[in-house]
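Residue numbers start from 1 in every chain, and the chains themselves are labelled A, B, ... in the order their sequence lines are given, proteins ahead of strands.
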Number of protein chains: 2
Amino acid sequence: MTTVRGARARARVEITAAIKAEARAQLAAEGAAKLSLRAVARELGMVSSALYRYFPSRDDLLTALIVDAYDAVGAAAESAAREAAGERSLDRWTAVCRAVRAWAVAHPHEYALIYGSPVPGYTAPQDTNAPAARVGLVLIGIAREAHGGEGIALPPLPDVLRPEAVRITADMAPDLPPELVAALVAAWSQLFGMVSFEVFGQFHRLVEDRDAFFATAARRLGRDIGLLPPV
Amino acid sequence: MTTVRGARARARVEITAAIKAEARAQLAAEGAAKLSLRAVARELGMVSSALYRYFPSRDDLLTALIVDAYDAVGAAAESAAREAAGERSLDRWTAVCRAVRAWAVAHPHEYALIYGSPVPGYTAPQDTNAPAARVGLVLIGIAREAHGGEGIALPPLPDVLRPEAVRITADMAPDLPPELVAALVAAWSQLFGMVSFEVFGQFHRLVEDRDAFFATAARRLGRDIGLLPPV
DNA sequence: CCCGAAACGAGAGCACTGCTCTTGCATGAG
DNA sequence: CTCATGCAAGAGCAGTGCTCTCGTTTCGGG
C-alpha cells in the first residue's frame, strides 16, 4: 500500500511510463493520426499484443496522453501565474497567456490533441475533465484577485445573456460578478483561438512577428475582462 | 471547350462529384479519420482501385473536401454580409459571425477539417489559399465600409506591433489604417476560437445558452475592431 | 471510317493497422 | 512449496492505402 507492491508492480509502472514516453515521441514526430501501437511496441522491443496488458486500446493510450497534455499546459499556466505573483493583474494575465502560447508552439502535436478536432468517434472520458479545467482556473484566479484588489471595469450584461451568465457564475465562481465570468469565458475561448490559429498554420504568411501580435492581442483580451491598464 | 467534350468527360465529372458526395457523407457520419477510400468505393459499387483514377490519393480527396468546405463557409459569410447590407456595421459584423457559427455547428466535421488540427503530415496545397481567405475578406469588407462611413474608434498601436501591423496592412488592405487591420486579424482568430470551442465540445456542460453567449461575444469582438454601437 | 492511344474498371497483391485468442512461462502470494 | 495469476509471444482476422497488371471501352486524328 504505502510503497509499490513488488518487482512485478514496479516493472508495470516502469513499462507503462516507457510506453507513454515512446508514444509521446511518435506523437511529436508524426502526429496523433500516425500513432501506431505496433510501432510503439516495435520500438520498445516487444510484441504488439503485449502492449494491450497496459492499455486496453489505442484510444486509452491517447486518453492518457491527453490527460498528460492538459496537465502540462495547466502546469505551465500555473507556474507563470506564480512567477508573476507580485505584478499587476493585467501583466499576470498576459504572462499566463504567453505561457499557454509558448507551451503550445513547443508541443504542437500535443496541443492539437487537446484543442484540435476531437478524434474519430472518441469521446473524452471523465478523467480528462479536471486536468482540462486547470488553465481556466488560473485565469479565473487572476480575475478574482483583480476583482478583490485593483477592481475591474466592465459594461453591464445585455438582458439576453444575464440568466446564462448568472447560471455559469453559480457553477464556476459564485464570488464573482456575472459580467466578469461571462467575459472570462469569452476571453478564454478567444485566447485559444489565437493560439490555435498560430499552431495550426492559419497565420502562415500573414502574421510574422507573432510575439508582438500575440502580446498586444492578449493585453486587449485582458482589458476585455475588465482588467485595468497601469495608470 | 465551350461544353463538356463527350460522354467520357461527362461521366468523369459525374463520378468525381459522386465520390465527393459519398466522401462528404462519410465525413459527416464518422469524421475525417475514418474516411476510407475502400468504403467510399464500396458504397458507390466500384472497386477501390478504380477510385484512384479520380483522386490520386486519399489526401487529394481530402484536399478537395477542404476546398469545398472553405468555399461553403465563405459563401455563408458572404451571403450573410449581403443580406445585412443596409444595416449598421456592427450589426453586419455580428450577422457574419453568426453565419460562420451556424455553418460550423451544422457541419462540424467539415469545420474540423478546415479549422481543426491539420491532418498527419498533410500540408495544404496552394489551391486552398484563395477559398480559405473568403471569410477574412468579408470581415475586411465590413471594416472597410465602417471606416469609410460611420468611422471607427481604436486606441493607437503599441510601438512593438506597429511595424508588423504596417506590413500586414500593406499586404492585405492598404487602404485601411494599421490599427484596424491588426485588430481585425486578432478578432478574426478570436471569432474562430469561440466557434471551435463550441464545435469541439470545450463548452460542454459549461455554456448552455450558446446563442446568447455568442451574440454578446461577437458584438464585443466588433467593438474591439472599433465598430461603433448605435447611438 | 478506322486504328492506335488513352482512359477505365476489375482483381490480385503488398505492407501495414488495431485487436483477439491461445499457449507457455515466470513470478509472487498463501 | 505450490498454484493461481500476470505476462510476453505468436498466429490470425478484418480492415486500410496504394500499386500493378490485364482486358475492355471510348475517343480523336489520320
Side-chain angles (χ1 to χ4, degrees), chain A residues 1-20 22-23 25-27 29-66 113 119-123 125, chain B residues 1-20 22-23 25-27 29-66 113 119-123 125:
Chain A
M1 283 296 182
T2 57
T3 173
V4 187
R5 277 283 201 229
R8 198 151 219 167
R10 206 180 332 256
R12 180 165 241 288
V13 310
E14 258 177 36
I15 295 183
T16 304
I19 292 172
K20 283 209 293 187
E22 176 59 31
Q26 289 201 14
L27 192 73
E30 297 275 13
K34 293 206 172 168
L35 196 163
S36 148
L37 283 188
R38 291 182 115 110
V40 170
R42 209 178 304 134
E43 210 68 24
L44 260 50
M46 41 173 138
V47 88
S48 73
S49 59
L51 223 145
Y52 285 81
R53 302 265 173 199
Y54 300 89
F55 294 94
S57 81
R58 182 179 182 274
D59 278 3
D60 289 86
L61 214 194
L62 273 179
T63 298
L65 296 182
I66 286 173
L113 203 56
V119 285
Y122 175 85
T123 49
Chain B
M1 284 294 181
T2 57
T3 173
V4 186
R5 277 286 201 225
R8 195 152 223 167
R10 206 182 330 259
R12 182 164 239 286
V13 309
E14 258 177 36
I15 295 183
T16 304
I19 292 173
K20 283 209 293 186
E22 176 59 32
Q26 290 199 15
L27 192 74
E30 297 274 13
K34 294 205 172 169
L35 195 165
S36 151
L37 283 188
R38 291 182 114 110
V40 170
R42 210 178 303 134
E43 210 67 24
L44 262 50
M46 45 173 135
V47 90
S48 74
S49 59
L51 221 144
Y52 284 81
R53 303 269 176 200
Y54 301 89
F55 295 94
S57 82
R58 182 180 180 274
D59 278 4
D60 290 85
L61 215 194
L62 273 179
T63 299
L65 297 181
I66 286 174
L113 203 58
V119 286
Y122 175 85
T123 49

Worksheet item: Pick the nucleotide of DNA chain D nearest each of B:R53 and A:R53; which residue has the one closer to the 5' end?
Response: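 Final value for this comparison: A:R53.
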Distance check needed: [N] [atom2] versus [X] [atom1], whole Å only.
X     : N      : atom1 : atom2 : value
A:R58 : C:dT17 : CZ    : P     : 11 Å
A:D59 : C:dT17 : CG    : C1'   : 14 Å
A:R10 : D:dC7  : CZ    : P     : 14 Å
B:L35 : D:dT16 : CG    : C1'   : 12 Å
A:K34 : C:dT17 : NZ    : C1'   : 13 Å
A:D60 : C:dT20 : CG    : P     : 11 Å
B:Q26 : D:dG17 : CD    : C1'   : 14 Å
B:E14 : C:dA7  : CD    : P     : 19 Å

Using 0.5 Å steps for rounding, measure from the [atom1] atom of [X] to the [atom2] atom of [Y].
X     : Y     : atom1 : atom2 : answer
A:L62 : A:F55 : CG    : CZ    : 10.0 Å
B:D60 : B:L65 : CG    : CG    : 11.0 Å
B:T63 : B:R58 : OG1   : CZ    : 11.0 Å
A:L35 : A:L27 : CG    : CG    : 6.0 Å

Worksheet item: Could a donor-acceptor pair under 3.5 angstrom be found where the side chain of A:R12 meets the base of D:dG6?
Response: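 It does not, because no donor-acceptor pair links the side chain of A:R12 to the base of D:dG6 below 3.5 Å.
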Report, one line per pair, each donor and acceptor closer than 3.5 Å where one atom sits in a side chain of residues 36-52 of chain A; sequence neighbours left out.
from, atom 1, to, atom 2, distance (Å)
A:S36, OG, A:R38, N, 3.2
A:S36, OG, A:A39, N, 2.9

Practice prompt. Mind running a 4.0 Å heavy-atom check of residues 42-50 of chain A against DNA chain C and sending the residues that fall below it, in number order?
Written response: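 Going residue by residue through residues 42-50 of chain A, the ones with a heavy atom under 4.0 Å of DNA chain C turn out to be A:R42, A:S48, A:S49.
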When we call it a touch if two heavy atoms are under 4.0 Å apart, what does [X] touch: a base, just sugar-phosphate, or nothing?
X     : result
A:L61 : nothing
B:Y54 : sugar-phosphate
A:L51 : nothing

